[in-house]
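Data first, discussion second: the structure below is written as structure tokens.
Residue numbering restarts at 1 for every chain, and letters A, B, ... go by the order of the sequence lines.
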Amino acid sequence: MIRVEKLVRKFKNMTAVRGISFNVDRGEVFGFLGPNGAGKSTTIKMLATLLKPTSGRALINGYDVVRQQDRVRRSIGMVFQDPSLDERLTARENLYFHAMLYNVESRLFKRRMHEVLEMVELSGRAGDLVRHFSGGMKRRLEIARGFLHYPKVLFLDEPTVGLDPQTRKKIWEYIHVLREREDITIFMTTHYMEEAENCHRIAIIDHGEIVVEDTPANLKKMVGGDVITISAGNNQSVMDKLAERFGLRAVVSGRGLKVEVEQGEAFIPVLIREMGEDIASVTVQKPTLDDVFLKLTGREIREENVSTLDRRRVFARRRLHR
Amino acid sequence: MTYLRAVYTIWLRDVIRFFREKTRILGMLGQPLLYLLIMGNGLASTFKIPGAPPGFSYIHFIYPGIIGMSVLFTAIHSAISIVWDREFGFLKEVLVAPVPRWTVAVGKALGGSTVAMLQGSILLLLAPLIGVSLSALTVLKLLGVLLVIAFAITSLGITIASRMESMEGFQVIMNFLIMPLFFLSGAMFPLRGVSSWMETLMRLDPLTYGVDALRNIMYRGTPLGDYLVQFPLGTDLLVISAMALLFVGAGTIAFNRRE
């Protein structure tokens with residue numbers, strides 16, 4: 001559904017995207033994960049025909065993003081990183097203008113509008129001005145709008161940036177339901193690790209290049225198994241027993257013991273059965289994509305930068321949408 | 001057909017937005033009234049044009065000028081809203097839609113012209129108060145001219161706005177382009193009797209011909225006519241039509257070039 005070959009984009013004094021290639025199958029959710037400035041938004045803009053590639057090729061739904069712009073645009077829906085609704089129009093009007101621009105027949109539009117608004121639970125607010133909506137509601141409306149014209153591919157550029165965790169979770173529920181029902185391919189960018197786990201496959205991008213591309217589960221395997229933390233009365237005896245019975249090497253960490261196993265949840269019952277009387281408590285920690293990123297690039301995903309940027313963005317939204 | 005639909009959509013959005021902004025409507029009515037009633041009346045007593053025919057009042061002179069002015073400002077404001085659209089992100093939504101960029105530029109130009117024309121027609125309703133009698137046909141002709149002027153100016157504004165990244169540049173555009181266009185158009189004072197460099201500039205200002213066209217239609221054939229009108233109506237119409245075509249072309253190209 002999406003085919004990208006050696007895509008490059010140079011700006012005046014920097015190369016934002018350095019020859020990336022990947023394919024996305026129909027119905028797949030494919031994610032670009034990386035810090036700010038890694039080239040995610042530049043890539044998405046090129047795929048959505050908003051920016052011309054310096055070299056390389058990209059096909060969306062079989063159409064070339066440079067030579068068949070119009071067909072590409074007909075095939076895609078877009079949810080931008082920053083809000084793109086007309087605040088002085090009502091939700092219904094925003095959807096109506098979208099339908100007009102995408103040539104959705106007016107009878108079909110009425111049905112479709114109810115459908116998508118219901119999906120994102122905004123049916124009751126169709127006639128209200130968008131400027132009175134909360135950040136989460138606006139985001140939901142934008143996602144509904146992205147789906148309105150039955151796109152084959154939906155682009156989500158940082159779909160839940162700056163939203164609170166509950167809203168974020170809710171928005172992902174909507175996206176998954178809509179995707180399954182309409183067999184839509186989704187390409188998204190994010191710098192939230194937990195959000196990337198909604199994808200079937202992830203490409204980690206850094207400095208304009210794809211560092212690795214795999215399923216979230218496989219990527220996590222790269223950093224090793226689950227970490228189990230055990231607190232016990234007698235650390236030394238537990239360590240000895242672990243080595244003797246399971247061949248595991250535990251390390252002392254703080255007051256407890258840490259040991260790495262492949263399948264954390266499956267190991268716990270065994271551990272309890274074998275040496276339950278020695279153990280006070282057990283916790284399992286799964287590796288996150290943060291760990292993957294750290295391992296592959298030697299850097300954190302620059303959480304600090306990310307959160308200041310988010311805060312600024314949230315602030316900007318509030319200011320713009322008073 | 002799809003193109004028309006796209007143009008219509010962009011136009012409709014501008015018109016709906018306009019009617020929703022009550023303060024903008026008020027401002028739009030207030031400013032020209034202020035100019036007309038206060039400036040017009042205030043200056044009328046001191047402002048004498050040498051050799052003016054009896055019965056002439058400055059307000060007769062300034063009335064078409066004020067109409068031209070309000071059309072100019074309204075049209076520019078509508079066009080500059082593109083910068084807002086960019087800042088608020090709505091422009092992206094339009095630019096990624098499967099419609100050619102020129103339909104967006106033309107739709108926007110028509111939207112701005114419609115709003116500007118509305119303002120012009122409201123001012124035309126004041127004609128009896130000024131002591132100018134207009135027949136229905138004259139009003140129609142005037143509206144036609146206003147439409148062409150408004151379309152040209154909005155297109156000019158679009159050309160500028162498509163290059164502007166923020167609202168901060170707007171004041172500069174106002175001071176160095178729009179105000180000179182307005183002052184040199186002969187809306188407030190007549191062309192004759194000014195120094196020759198200024199006369200040259202006035203002749204280069206396309207808006208001069210727009211204002212003159214309005215005076216032509218309003219006063220031609222009355223005693224005031226010969227005195228107030230400077231060019232033949234044909235010249236006026238030619239210049240403003242050429243201006244409209246030129247600017248809408250420029251606006252479309254500027255819009256297309258945006259990446």
What distance separates [X] [atom1] from [Y] [atom2], expressed to the nearest 0.5 Å?
X: D85(B); Y: S84(A); atom1: CG; atom2: OG; value: 11.0 Å
X: R88(A); Y: W84(B); atom1: CZ; atom2: CH2; value: 9.0 Å
X: L101(A); Y: T103(B); atom1: CG; atom2: OG1; value: 8.0 Å
X: R5(B); Y: M100(A); atom1: CZ; atom2: CE; value: 5.0 Å

* To do: Decide, yes or no, whether a salt bridge links R20(B) with E93(A) under the criterion of side-chain N to carboxylate O below 4.0 Å.
  =>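 Yes, charged N to carboxylate O under 4.0 Å.
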Over 12 foreign heavy atoms within 6.0 Å of [atom1], [X]:
X: Y3(B); atom1: OH; value: no
X: K45(A); atom1: NZ; value: no
X: R179(A); atom1: CZ; value: yes

Donor-acceptor contacts under 3.5 Å from residues 10-20 of chain A side chains, at least two apart:
residue	atom	partner	partner atom	Å
R18(A)	NE	H207(A)	O	3.0

The side-chain contact (heavy atoms from CB on, under 4.5 Å) partners of L245(B) (sequence neighbours excluded) come to none
Bottom line for R13(B): the part with an atom under 4.5 Å from chain A's heavy atoms is both
Subject >> Derivation of the side chain to side chain contact (heavy atoms under 4.5 Å, CB included) call for T9(B) and Y96(A) >> reply: CA-CA 9 Å; T9(B) 308; Y96(A) 174 69; over 6 Å; no
Check: L12(B) and F97(A) side chains under 4.5 Å, non-hydrogen atoms |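 The answer is yes, as the side chains (C-beta and beyond) meet within the 4.5 Å cut-off.
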Shortest non-hydrogen pair, Y102(A) vs V96(B), comes out as OH-O, 3.5 Å
Honestly, the part of H98(A) sitting under 4.5 Å from a heavy atom of chain B is both
When the 4.5 angstrom heavy-atom criterion is applied to Q69(A) and chain B, the contacting part is neither
* Quick one: do E93(B) and R145(A) satisfy side chain to side chain contact (heavy atoms under 4.5 Å, CB included)? Show the steps, please. => CA-CA 10 Å; E93(B) 145 83 357; R145(A) 187 178 66 177; 3.3 Å; yes
Checking R73(A) side chain against A97(B) main chain: does a donor-acceptor pair fall under 3.5 Å?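 Side chain of R73(A) to backbone of A97(B): a pair is present.
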Would you mind telling me which of T49(A), L89(A), L85(A), N94(A) has the largest number of heavy-atom pairs within less than 4.5 Å of chain B?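 Top count of heavy-atom pairs under 4.5 Å with chain B: L89(A).
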